[in-house]
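Working notes, structure below.
On a predicted model such as this, the values are computed, not experimentally measured, just so you know. Naming: A, B, ... by sequence-line order, numbering from 1 per chain.
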2 protein chains.
Amino acid sequence: MRELELLAHVYKANPDLPGSVSIPPGDDMGAIEVGGTMLLVTVDQVADGVHFDLTDTPREKIGRKSITRNLSDVAAMAAKPVGAVAAACLPKGYGEGRAKALFDAMRRTAEAYGCPLIGGDIATWDQRMILTVTVFAEPAGIEPVLRNGAKVGDTVYVTGTLGGSIEKLSERDGYVHHLDFEPRIDLARKLAGDPVTRPTAMLDLSDGLAQDLTRICERSNVGARIEVDRLPISQAALTAAKKSGKPAWHHALGDGEDYELCFTASTLNIPSRIDGVPISEVGKIVKKESGPAIEAVLANGEQVDIQDLGWEHRD
Amino acid sequence: MRELELLAHVYKANPDLPGSVSIPPGDDMGAIEVGGTMLLVTVDQVADGVHFDLTDTPREKIGRKSITRNLSDVAAMAAKPVGAVAAACLPKGYGEGRAKALFDAMRRTAEAYGCPLIGGDIATWDQRMILTVTVFAEPAGIEPVLRNGAKVGDTVYVTGTLGGSIEKLSERDGYVHHLDFEPRIDLARKLAGDPVTRPTAMLDLSDGLAQDLTRICERSNVGARIEVDRLPISQAALTAAKKSGKPAWHHALGDGEDYELCFTASTLNIPSRIDGVPISEVGKIVKKESGPAIEAVLANGEQVDIQDLGWEHRD
């Protein structure tokens, strides 16, 4: 089942959400008003066999990812993280020493982003490991950027490079993007805090550009045209393409867990780089037509089929 | 491993928590300051095979418990719930219809307590069901009651009746306490909001009175003497005693998942009932001695052995 469908159900069943809910379910974070302040909240799970493989992933990286996945949602709203709580169900026999190392990695990662871990729940069971982290954030002077503001004529941008997030590029440094990515919090706040560059819509890329941009389109009631030759192809996407025999743009459009930002803006005055991170123009927001929300074209204007891209979490 | 030990580790490793953390890990909820407001947060998991049995528990009750377990923590702080997020890892093949019914039960329960569900994360996997809920709360005019304020001479009280929470009392109404309990939010706020009755320390009973009162003693650096003949024995504890052959007070002291409040107060002016819920005096806070923090005595003053009570979650 698609997460989106079930969340949409929760949302639709909630026509009478109280006035304290300022951002309802369906965006990267929900928000409620608490004591006159907007509080943004996101929750994410990382599960053994779904989001990592316990047998070959260092526990420091598991702990880190459980936090950074959430921080990528904070970035998607251009918010500022303020705190976190963590829950863990650990396989029986995992051992207290390893559990402590895991929690230390979570705590250190959270604190490095100004997001102290203030509580948790721990259980053990005869099943696989699952970590669930909730992060809360505040606007801190910058109005959150939602998914629903894209307008026909807007340009579509992405940060960083895309594709192949599960590829290990070098045995030496062991960098694997889906574990080691950097949440784009500062970059997002710079973009959204400046009226010249403020995005009209934004989210973070967890399920692949084609699928995630579809979400912006659905919420904004528009379509999008992607120029596949403009996609910033990652080194890892090239590696993945070599293995799969598919073009590298296929991986850049369809692979999940990029944790880069995708945003739309009415201006072309977006810097090509912020804090060293490249920002690429990859397409345009167009009128909504019947059929798929996203179309992909080559540089010569020829349309390419992207119906077989659909990346879903391994569920 | 004991949850407390691991959380204590996270806490101890955190001597330099930022000033924004007003209640560090180790209480029923942590708290941070957000925009000049105190935000309280708790997270709890309910896992198939640990906290419920999927094969014989109606999904409405599973959904309800995933919310009320957290709300019991909110009650323990005398706070007011303001919102929640939920994460679910569902077994493959669970089916969208059943997932929706489960989330509806979570949503309805949360809303009934003024706690709208504003976001979530859903995945499926080849393991058992686990639901993780994070609830946010605010003091709303009543300073949170912590675990560390019990003083020698204080009286120990509990709400409701204790023991046997997993017993089904009647096939007809199907009430099973650990699934159907009522979080004591209103009662806690009435107690804590009145200077005459305000508790010096409070928590909710999840692991059994003996173990949970030990937590108040450890945080408050005191001991406690329980008079077992004063314990409010539940009907279910009597049923459990019939099966186990142990005295009913044994179940009232040792069984988990009562989700009643245990609190200490310097006054004897505690009403015997609030909103129809009985409140019972069950013991005294005494000086800390070497050895176990809790001792239990019969009406004649004779000490009884409670070393074999230690209830732990089935981990």
Side-chain angles (χ1 to χ4, degrees), chain A residues 1 3 5-7 9-10 13-14 17-18 20-21 23-25 27 29-32 34-39 41-45 47 49-51 82-83 85-87 89 92 96 99-100 103-104 107 114 116-128 130 132 134 136 138 313 315, chain B residues 1 3 5-7 9-10 13-14 17-18 20-21 23-25 27 29-32 34-39 41-45 47 49-51 82-83 85-87 89 92 96 99-100 103-104 107 114 116-128 130 132 134 136 138 313 315:
Chain A
M1 104 196 46
E3 172 192 344
E5 285 168 21
L6 196 40
L7 285 181
H9 167 76
V10 173
N14 253 335
L17 276 169
S20 61
V21 178
I23 304 176
D27 230 294
M29 302 183 84
I32 45 174
V34 184
T37 294
M38 183 191 283
L39 177 77
V41 189
T42 183
V43 60
D44 258 320
Q45 311 169 98
V50 183
H51 305 98
V82 292
V85 293
C89 239
K92 261 185 226 297
E96 194 152 344
K100 285 179 178 175
F103 264 73
D104 275 344
R107 183 183 56 75
L117 212 54
I118 62 162
D121 181 43
I122 295 157
T124 61
W125 66 345
D126 59 4
Q127 304 282 295
R128 289 181 171 207
I130 180 163
T132 308
T134 303
F136 16 104
E138 59 184 349
H313 287 290
D315 56 357
Chain B
M1 99 198 46
E3 173 192 344
E5 285 167 22
L6 196 41
L7 285 181
H9 166 77
V10 172
N14 252 334
L17 276 169
S20 62
V21 178
I23 303 176
D27 229 293
M29 302 183 84
I32 47 170
V34 183
T37 294
M38 183 191 284
L39 176 78
V41 189
T42 183
V43 60
D44 257 323
Q45 311 170 98
V50 183
H51 305 98
V82 292
V85 293
C89 238
K92 259 185 229 296
E96 193 153 344
K100 284 179 178 175
F103 263 74
D104 275 344
R107 184 184 55 75
L117 211 55
I118 62 162
D121 182 42
I122 295 157
T124 61
W125 68 345
D126 59 2
Q127 304 281 296
R128 289 182 173 207
I130 180 163
T132 308
T134 303
F136 304 90
E138 59 184 348
H313 286 288
D315 56 358

field: Beyond-backbone contact of Leu17(A) with Pro25(A), side-chain heavy atoms, under 4.5 angstrom
entry: yes
Which portion of Val21(A) sits near chain B, non-hydrogen atoms under 4.5 angstrom: side chain
message: Is there a side-chain contact between Val41(B) and Phe136(A) in this structure, where contact means two heavy atoms from C-beta onward sitting under 4.5 Å apart?
response: yes
- request: Could you check which of Arg128(A), Met38(A), Gln45(A) has the highest count of heavy-atom pairs closer than 4.5 Å to chain B?
  value: Gln45(A)
query: Is chain A contacted by the side chain of Glu138(B), its backbone, both, or neither, given a heavy-atom distance below 4.5 Å?
result: side chain
message: Consider side-chain hydrogen bond (donor to acceptor under 3.5 Å, both in side chains). Of Thr134(B), Thr42(B), Asp121(B), Thr132(B), which one does Thr134(A) pass it with?
response: Thr134(B)
Val34(A) side chain reached by Val34(B) side chain, heavy atoms, under 4.5 Å: no
task: Against chain B, work out which of Val43(A), Val85(A), Thr37(A) has the most heavy-atom pairs shorter than 4.5 Å and name it.
output: Val43(A)
